[in-house]
Amino acid sequence: MPGRDPSDRNYLSSVLIQELFLTWDHDDLSLRSKAARILVVLLCKHEFDARYQKPEDKLYIAQLYFPLIGQILDEMPVFYNLNAVEKREVLVAILQIVRNLDDASLVKAWQQSIARTRLFFKLMEECLVLFEHRKPADGMLMGSSSRSPVGDGPASPKYSDRLSPAINNYLSEASRQEVRPQGTPENGYSWQRVNSQLSSPSQPYSLREALAQAQSSRIGASAQALRESLHPILRQKLELWEENLSASVSLQVLEITEKFSTMAASHSIATDYGKFDCVTAIFMSFFSRNQPLSFWRSLLPVFNSVFNLHGANLMARENDRFLKQVTFHLLRLAVFRNDNIRKRAVMGLQMLIRSSFYYFMQTARLRVMLIITLSELMSDVQVTQMKSDGTLEESGEARRLRQSLEEVADASKSPSLLRECGLPESALLDIPERMTENRWSWSEVKYLSESLLLALDASLEHALLGSLMTMDRYAAAESFYRLAMAFAPVPDLHIMWLLHLCDAHQEMQSWAEAAQCAVAVAGIVMQALVARNDGVWSKDHITALRKICPMVSNEISSETSAAEVEGYGASKLTVDSAVKYLQLANKLFSQAELFHFCASILELVIPVYKSRRAYGQLSKCHTMLTNIYESILEQESSPIPFTDATYYRVGFYSDRFGKLDRKEYVYREARDVRLGDIMEKLSHIYESRMDGNHTLHIIPDSRQVKADELQPGVCYLQITAVDPVMEDEDLGSRRERIFSLSTGSVRARVFDRFLFDTPFTKNGKTQGGLEDQWKRRTVLQTEGSFPALVNRLLVTKSESLEFSPVENAIGMIETRTAALRNELEEPRSSEGDQLPRLQSLQRILQGSVAVQVNSGVLSVCTAFLSGEPATRLRSQELQQLIAALLEFMAVCKRAIRVHFRLIGEEDQEFHTQLVNGFQSLTAELSHYIPAILSEL
């Protein structure tokens with residue numbers, strides 16, 4: 001067969017092939033196996049027959065057997081009924097036929113129908129599955145070799161005693177590789193030529209003989225046992241044989257795929273040109289399986305060629321799943337220890353970015369896909385490893401991934417990387433057909449790379465926290481916040497991390513911060529709805545939401561629409577989900593007693609129920625609004641000023657604090673947390689991190705810290721109580737700030753500026769007499785405003801003002817005057833009653849004119865209006881001080897008269913004390929200011 005001369009056609013050969021194929025469907029398993037084996041034996045006999053070694057002879061043989069492929073495609077169930085060994089034998093025959101076939105003959109297999117073309121590539125996928133090689137210890141895997149244990153699964157092509165000698169000859173020839181000299185080659189194997197002295201009755205020279213001997217003695221009951229029975233050199237030879245066989249199969253399938261891609265460009269074959277699923281499925285099979293280095297070297301030029309020819313189809317939304325899987329596998333390869341493979345992954349990512357520039361016109365959509373796949377990859381990659389001291393550090397996998405992401409945006413390394421990958425240096429800048437301009441932009445690539453690095457860093461920092469998350473809730477909240485911000489381009493991931501952060505805040509009973517997280521989630525949903533004009537909200541509603549949570553972006557960008565990827569997307573964001581999170585925010589703000597925020601949130605919910613005519617829900621909303629406004633009135637009318645939180649500035653000074661070193665933060669705490677409480681809390685958190693060489697020390701005052709002069713080996717915390725600054729407050733005012741937050745009505749308590757006053761003297765002492773006492777007012781600007789998504793915000797700006805002793809004295813008097821005037825002008829909360837509050841007025845009057853406390857005003861006069869200090873005052877300062885004292889006394893006199901009208905019989909004695917105190921104070925002041933008697 002086929003005859004003495006290759007041109008002789010033999011009828012018997014075609015009959016035999018037909019009979020053999022029919023036998024594959026026989027019920028007798030032994031007959032099926034024999035039929036498959038005989039077919040391949042015939043093919044191999046022709047392959048190694050000396051008469052058929054010319055190219056035209058090989059082509060003739062291939063054309064003779066080519067109808068076999070058509071028969072298999074017509075009867076695929078027959079093929080699927082074969083076992084793994086029989087399938088491999090049939091696939092060897094198919095690959096051998098295709099390898100020697102000319103393109104004109106091969107294209108016939110793809111011209112009949114789309115379904116038939118798909119079946120052909122299903123066979124190619126089966127080749128990749130059945131001939132995949134999994135090394136016992138693969139040096140190219142991401143982490144340790146334990147991730148790829150040796151098994152007996154059908155995916156690894158083990159040596160089979162059921163393969164005939166002719167088939168073994170073919171496989172040996174197909175995977176023939178010259179033995180390397182001693183040294184470590186790139187594929188990780190190092191072995192010498194087998195020494196003839198190894199051949200012995202107990203250890204044969206031939207690998208086949210050794211395997212046959214092991215199987216006949218029943219040693220090879222499993223793949224692992226069979227391998228262990230071999231001499232190490234023969235075991236290495238078997239390993240190399242299997243790897244080369246796998247490489248040979250993969251490379252041939254890759255060559256077939258390239259030919260198919262080229263022919264598809266001319267639309268000369270039958271395939272789905274929209275989804276291009278034959279090629280996408282093969283590429284997915286390539287990427288998802290273990291491949292040798294020789295394959296990865298050949299893949300990239302083909303990958304580039306396919307995307308050049310079919311980029312518009314492959315980048316279309318119909319192929320989102322394919323694109324997402326490609327990005328995942330390229331990122332996975334970017335973690336490999338083998339630098340050759342890692343660099344090719346970098347190049348593959350750059351090719352995707354190039355296609356994104358030309359077919360997406362921007363990188364936003366690809367950035368979303370990469371962030372999604374990076375998030376999925378983080379569950380597979382071990383980003384931390386344990387150090388000898390028991391702490392965690394960044395793992396080698398994370399470092400390699402970081403290096404790869406940095407190289408993606410490195411323009412200086414690009415030319416050498418392209419050359420190394422077998423591509424022209426202009427590959428990234430070449431303009432595809434039917435395109436007119438070069439759209440490649442290194443600045444956009446840099447931005448994309450930084451976005452991915454941000455996500456990687458956030459994931460790494462979260463993992464490094466480890467067990468500290470339960471102790472340091474501030475760091476845990478910031479970690480969730482960084483993850484939420486890093487994954488912000490993907491609404492699903494953004495929301496997921498914000499909800500984790502919301503849960504963390506609720507565990508700490510940080511109700512305002514938890515509410516802000518719920519508002520942020522609602523904002524994401526509302527933005528997506530406004531972007532697609534789907535819902536009852538507009539940009540004005542987004543602006544209103546930003547007044548509650550400034551983190552909500554005011555710009556409706558294309559990011560949400562770009563995030564429409566399989567399994568992720570803004571299409572899952574609905575009006576109902578937005579209402580759900582708005583209601584959660586309303587509940588949490590109510591627990592925080594920030595009722596003005598509750599009112600604003602309900603104003604956003606009401607339009608939804610109006611559009612649906614949900615009158616029951618509307619009734620509930622308006623009832624809640626009534627209760628909210630009553631609570632706000634109660635807060636405003638309370639004689640004790642309402643405070644929703646306390647604020648503390650915390651400075652960190654030591655390299656032991658890591659990134660916190662020499663930074664200042666403002667902490668927002670519950671209203672009942674005092675300075676001693678937060679000192680104790682932070683001491684507990686950071687003392688646990690001290691080692692034998694470091695101790696923790698808290699600086700008890702608010703003086704300016706000179707970090708360079710601090711003692712080494714000591715970790716310093718400076719904790720200072722600070723006051724929030726109202727939006728319209730005059731920071732240059734010399735008045736004390738005791739009553740500044742209680743004046744006026746309750747407004748939206750959103751603060752991003754804070755201040756604290758520090759007393760000092762020019763002689764270096766903290767405290768001194770009134771005539772020597774200076775005051776430094778420090779104003780802090782934070783990165784964002786409170787209440788925020790986190791409990792602490794970084795101080796980005798710090799400014800100081802200094803007040804002289806006389807300015808301090810004038811400010812003290814003006815503060816008391818303002819407090820009294822405020823009480824006289826403030827109406828009572830009950831409707832129709834405009835009288836001042838009696839109890840509050842009594843409290844302030846007692847602190848102003850009672851005999852036992854009026855030494856404060858007198859001490860000012862003694863310090864500045866008598867003797868030598870008075871001569872040092874400028875004329876303007878003297879006049880301001882006297883005017884302040886006169887105004888203070890005038891307001892006290894008016895307040896005493898109002899007090900007399902308000903009191904009953906039970907308060908007469910107290911009123912008499914006030915009058916006596918006022919008269920006594922007036923008499924004392926007349927010694928310094930004679931005009932006070934005529935003024936009063």
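None of the values given here were measured: they were computed from a predicted structure.
- Looking at Asp430 and Arg354, no side-chain N of the basic residue comes within less than 4.0 Å of a carboxylate O on the acidic one, giving no salt bridge.
- Classification of Asp277 and Arg321 as a salt-bridged pair fails, no side-chain N sitting under 4.0 Å from a carboxylate O.
- Closest non-hydrogen pair, Ile353 versus Thr363, comes out as CG2-CG2, 4.3 Å.
- Proximity of a side-chain donor or acceptor of Ser451 to a complementary backbone N or O of Ala486 within less than 3.5 Å is not detected.
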Only pairs under 3.5 Å count here: list side-chain donor-acceptor contacts from residues 254-261, not counting sequence neighbours, and write none if there are none.
{"unit_1": "Thr257", "atom_1": "OG1", "unit_2": "Val253", "atom_2": "O", "d": "2.8"}
{"unit_1": "Lys259", "atom_1": "NZ", "unit_2": "Asp103", "atom_2": "OD1", "d": "3.1"}
{"unit_1": "Ser261", "atom_1": "OG", "unit_2": "His310", "atom_2": "NE2", "d": "3.2"}

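- In terms of modelled atom types and a separation under 3.5 Å, the side chain of Ser250 and the main chain of Ala247 share no donor-acceptor contact.
- Inter-residue side-chain proximity for Tyr447 and Ser441 is flagged as unmet; no heavy-atom pair is nearer than 4.5 Å.
- Applying the side-chain hydrogen bond (donor to acceptor under 3.5 Å, both in side chains) criterion to Asp661, with sequence neighbours excluded, gives no partner residue.
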| side-chain contact (heavy atoms from CB on, under 4.5 Å) between Val381 and Leu331, worked out | CA-CA 11 Å; Val381 174; Leu331 287 176; over 6 Å; no

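- In this structure, Phe657 has its ring center under 6.0 Å from that of Tyr686.
- Among residues two or more places apart in sequence or in another chain, the salt bridge (charged side-chain N to carboxylate O under 4.0 Å, His left out) test is passed with Arg399 by none.
- Judged by distance alone, the side chain of Thr782 and the main-chain N or O of Gly784 form a donor-acceptor pair under 3.5 Å.
- Here the closest heavy-atom approach between residue Leu573 and residue Ala528 is recorded as CD1-CB, 3.8 Å.
- Between Arg482 and Leu454 the shortest side-chain heavy-atom distance does not fall below 4.5 Å.
- Between the Thr327 side chain and the Leu323 main chain, a donor and an acceptor come within less than 3.5 Å of each other.
- Distance CZ/Phe120 to CD/Glu125: 12.0 Å, rounded to 0.5 Å.
- Scanning both residues, Ala334 and Ser404, for their nearest heavy atoms gives O-OG, 2.8 Å.
- Listed by first then second residue, pairs satisfying ring-ring contact (aromatic ring centres under 6.0 Å, His included) with a partner in residues 395-441 read Phe357-Trp440, Trp440-Trp442, not counting sequence neighbours.
- Here the shortest heavy-atom pairing between Asn308 and Tyr359 reads O-OH, 4.1 Å.
- Under the rule for a side chain to side chain contact (heavy atoms under 4.5 Å, CB included), the partners of Leu417 that lie at least two apart in sequence or sit in another chain are Lys343, Val346, Met347, Gln350.
- Leu464 and Glu394 make their closest contact through CD2-N, 4.2 Å (heavy atoms, listed as atom of the first residue, atom of the second, distance).
- Atom CD of Gln385 and atom CG of Leu392 lie 9.5 Å apart (nearest 0.5 Å).
- Electrostatic pairing of Glu406 and Arg402 does not count as a salt bridge here, judged by no charged N lying under 4.0 Å from a carboxylate O.
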| message | Please determine whether side-chain contact (heavy atoms from CB on, under 4.5 Å) holds for the pair Met315 and Ser356, giving the CA-CA distance in whole Å, both sets of side-chain angles, and the decisive distance to 0.1 Å. | response | CA-CA 7 Å; Met315 302 292 285; Ser356 182; 4.1 Å; yes

| said: Could you go through Ser459 and Leu483, starting from their C-alpha distance and side-chain angles, then the distance that decides it, and tell me whether this counts as side-chain contact (heavy atoms from CB on, under 4.5 Å)? | reply: CA-CA 7 Å; Ser459 302; Leu483 284 165; 3.9 Å; yes

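- For Arg118 (side chain) and Thr271 (main-chain N/O), no donor-acceptor pair under 3.5 Å exists by modelled atom type.
- If you look at Phe303 and Phe286, their ring centroids are not closer than 6.0 Å.
- Not counting sequence neighbours, the partners of Glu664 by the salt bridge (charged side-chain N to carboxylate O under 4.0 Å, His left out) test are Arg649.
- The shortest distance between side-chain heavy atoms of Lys659 and Glu461 falls below 4.5 Å.
- Between Leu333 and Trp296 the shortest side-chain heavy-atom distance falls below 4.5 Å.
- Residues Met485 and Met551 form a side-chain contact, since some pair of their non-hydrogen atoms from C-beta on lies under 4.5 Å apart.
- Panel note: side chain Glu783, backbone Leu794; no donor-acceptor pair is recorded below 3.5 Å.
- At least one side-chain heavy atom of Met378 sits under 4.5 Å from a side-chain heavy atom of Val383.
- Ser449 contributes atom OG, which lies 10.0 Å from atom CG of Leu456 (distance to the nearest 0.5 angstrom).
- Glu132 contributes a side-chain N or O that, together with a main-chain N or O of Asn290, makes up a donor-acceptor pair within less than 3.5 Å.
- Side-chain atoms of Asn319 do not come within 3.5 Å of backbone N or O of Phe322 as any donor-acceptor pair.
- Side-chain contact between Leu428 and Leu423 is absent, with no heavy-atom pair separated by less than 4.5 Å.
- Shown here for Leu429 and Tyr358, the closest heavy-atom pair between the two residues is O-OH, 4.2 Å.
- In this structure, Ser355 contributes its side chain and Met351 its backbone to a donor-acceptor pair below 3.5 Å.
- If you take CG on Leu501 and CH2 on Trp497, they are separated by 11.0 Å, rounding to the nearest 0.5 Å.
- Remark: Lys324 engages Glu376 in a salt bridge, criterion side-chain N to carboxylate O under 4.0 Å.
- Looking only at distances, no side-chain donor or acceptor of Ser479 sits under 3.5 Å from a matching main-chain atom of Ala475.
- Inter-residue side-chain proximity for Leu299 and Phe283 is flagged as met; some heavy-atom pair is nearer than 4.5 Å.
- A distance of 11.0 Å separates CG in Leu377 from CG in Leu370, rounded to the nearest 0.5 Å.
- Taken from CZ in Phe121 to OG1 in Thr280, the straight-line distance is 10.5 Å, to the nearest 0.5 Å.
- Between Arg400 and Asp339 there is no salt bridge, since none of the side-chain N atoms of the basic residue sits less than 4.0 Å from a carboxylate O of the acidic one.
- For Lys797, the NZ atom counts as loosely surrounded, since its 6.0 Å shell holds 12 or fewer non-hydrogen atoms of other residues, nucleotides or ligands.
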